[in-house]
A.B. asks: 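This structure is in structure tokens; I'll ask about it shortly.
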Protein chains: 2
Amino acid sequence: MRADAQRNRARILDVARTVIEEQGTQASLRDIARRAEVGMGTLYRHFATREELLEALLGGRFDRLAAHAAALEASHPPAEALTEWLRAFAEGAATYRGLAASMIATLEDGRSSLHASCVAMRDAGGRLLARAQQAGRIRPDVDGTDLFALFSALASIADVAPSIGLRHEHLFDVVMEGLVSRAR
Amino acid sequence: MRADAQRNRARILDVARTVIEEQGTQASLRDIARRAEVGMGTLYRHFATREELLEALLGGRFDRLAAHAAALEASHPPAEALTEWLRAFAEGAATYRGLAASMIATLEDGRSSLHASCVAMRDAGGRLLARAQQAGRIRPDVDGTDLFALFSALASIADVAPSIGLRHEHLFDVVMEGLVSRAR
DNA sequence: ACCTGAACACCGTTCAAGT
DNA sequence: ACCTGAACACCGTTCAAGT
């Protein structure tokens, strides 16, 4: 990649992080290009879709989250590992306003650039889930997709109603208890 | 109201119902005006905000839902009344794509035209909840707002991922079990 | 190769002008 | 009283023209 291109790409990512932090995942791309002092075409050349931009911003974080699942599997007993991971997952889904909703949508949209990361995360969670189910600690009739949907939806509440978001830990606990009930 | 105004209002509501059914609560107001064969100003005169339009479309339904809570309180035992009502509530929140998210947001936005209906529904649910808690059937550390948020969030999953929406009843059951656990 | 910015087709919202 | 539709300030996306 040419040096100026590389510099532009970095500038865009840098500005995008700030703007999306301010305005959420639906932030104006025009605004990002403007503040990065770059033409619209340049933004589109580097990131053909909004999802590609989000992937560049979040891909690393998501990969680490999937890896974290494997680590927890080795270090913690089944139920604790799952709970701990779901907590980290919910935190990740809350990185930017609007992200949680995008993540659920992306799970069934194979064309989205976020699709791969989300499927990987769902599967990582699914493995922790299966382990906890085999240990009889989680009800057997839920799968990784259920988990992903439930906790993303939970995270999305804070996006749309910040004050209710303060109850997040509490609501997390309620849903968690729902998973525990009817185990075995 | 003048006869032509009344006719216009009815036309707008009629078309809005169709368009919002197609495109969700974020449907283009311009499109609604166009298909109702009405100037933009006319639409704005009758419904100054998008929320006012939604209120006109859904207010009746929400009022009935609040009334339904009182009826259930008289006819059913505490836990059954609550479960039954929450089922109806979730159905109402799923009337239009995007509505569930609007409802959570509106709960803490006093200026929204949907605010009154949503508060009324939350309180109606809150009364059924308190009754079930007094009967020792629901954990005591949740309130009406928690309930509203949890089940709206649940409904919003189907908005953004239709196929996961097919699991709605199942996820409903999981959350319900979470409410039951730690009762008394 | 890469960048720019105007062009196009859309929005929501307002408001002067009409009846 | 009420209606119309143009005007304004925004979008996202594309693409001819430049370096």
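Note that this is a predicted model, so its numbers are computed, not measured. Labels below follow one simple rule: chain letters A, B, ... track the order of the sequence lines, proteins then strands, and each chain is numbered from 1.
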A.B. asks: Do NZ/NE/NH1/NH2 and the carboxylate oxygens of A:Arg127 and A:Asp123 come within less than 4.0 Å?
C.D. replies: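 No salt bridge links A:Arg127 with A:Asp123.
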
A.B. asks: Considering just the side-chain nitrogens and oxygens of B:Asn8, establish if one lies under 4.0 Å of OP1 or OP2 belonging to D:dC3.
C.D. replies: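 So the side chain of B:Asn8 is within the cut-off, an N or O lying under 4.0 Å from OP1 or OP2 of D:dC3.
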
A.B. asks: Do A:Glu55 and A:Phe47 touch side chain to side chain, with heavy atoms closer than 4.5 Å?
C.D. replies: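 With C-beta onward as the side chain, the pair stays apart.
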
A.B. asks: Looking at A:Arg9 and A:Asp14, does any basic side-chain N land under 4.0 Å from a carboxylate oxygen?
C.D. replies: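 Result for this pair is no, no salt bridge flagged.
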
A.B. asks: Is the shortest side-chain heavy-atom distance between B:Asp141 and A:Val174 below 4.5 Å?
C.D. replies: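 Sidechains of A:Val174 and B:Asp141: no contact.
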
A.B. asks: For residues A:Gln23 and A:Asp31, determine if any side-chain heavy atom of one lies less than 4.5 Å from a side-chain heavy atom of the other.
C.D. replies: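 They are in side-chain contact.
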
A.B. asks: Considering only heavy atoms from C-beta outward, does the side chain of A:Ile20 approach that of A:Leu54 to under 4.5 Å?
C.D. replies: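 The answer is yes; the side chains approach within 4.5 Å.
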
A.B. asks: Tell me, which of residues 24-48 of chain A have any heavy atom that sits under 4.0 Å from an atom in DNA chain D?
C.D. replies: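 DNA chain D contact set from residues 24-48 of chain A: A:Ala27, A:Ser28, A:Leu29, A:Arg30, A:Arg34, A:Met40, A:Gly41, A:Tyr44.
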
A.B. asks: B:Arg137 vs B:Val180, test: side-chain contact (heavy atoms from CB on, under 4.5 Å). Steps then yes/no.
C.D. replies: CA-CA 6 Å; B:Arg137 298 293 302 273; B:Val180 167; over 6 Å; no

A.B. asks: For DNA chain C, write out the stems as range with range, using runs of 3 or more consecutive Watson-Crick or G-U pairs with both distances under 3.5 Å.
C.D. replies: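 Ordered by first number, the stems with DNA chain C (at least 3 consecutive pairs each) read C:4-8 with D:12-16, C:12-16 with D:4-8.
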
A.B. asks: Return the nearest nucleotide to the side chain of A:Met1; candidates are D:dC3, C:dG12, C:dC2.
C.D. replies: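 My answer, after comparing the listed nucleotides, is C:dC2.
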
A.B. asks: Send over the distance from B:Arg50 CZ to C:dC11 P, rounded to a whole Å.
C.D. replies: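 So the two atoms are 11 Å apart, to the nearest Å.
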
A.B. asks: So, for A:Glu51 and A:Leu114, which heavy atoms are closest and what is the spacing to 0.1 Å?
C.D. replies: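 Looking at all heavy atoms of both residues, the closest pair is O-CD1, 3.3 Å.
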
A.B. asks: Round to a whole Å and report the spacing from CZ of A:Arg2 to P of D:dT19.
C.D. replies: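 Taking CZ of A:Arg2 and P of D:dT19, I get 13 Å after rounding.
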
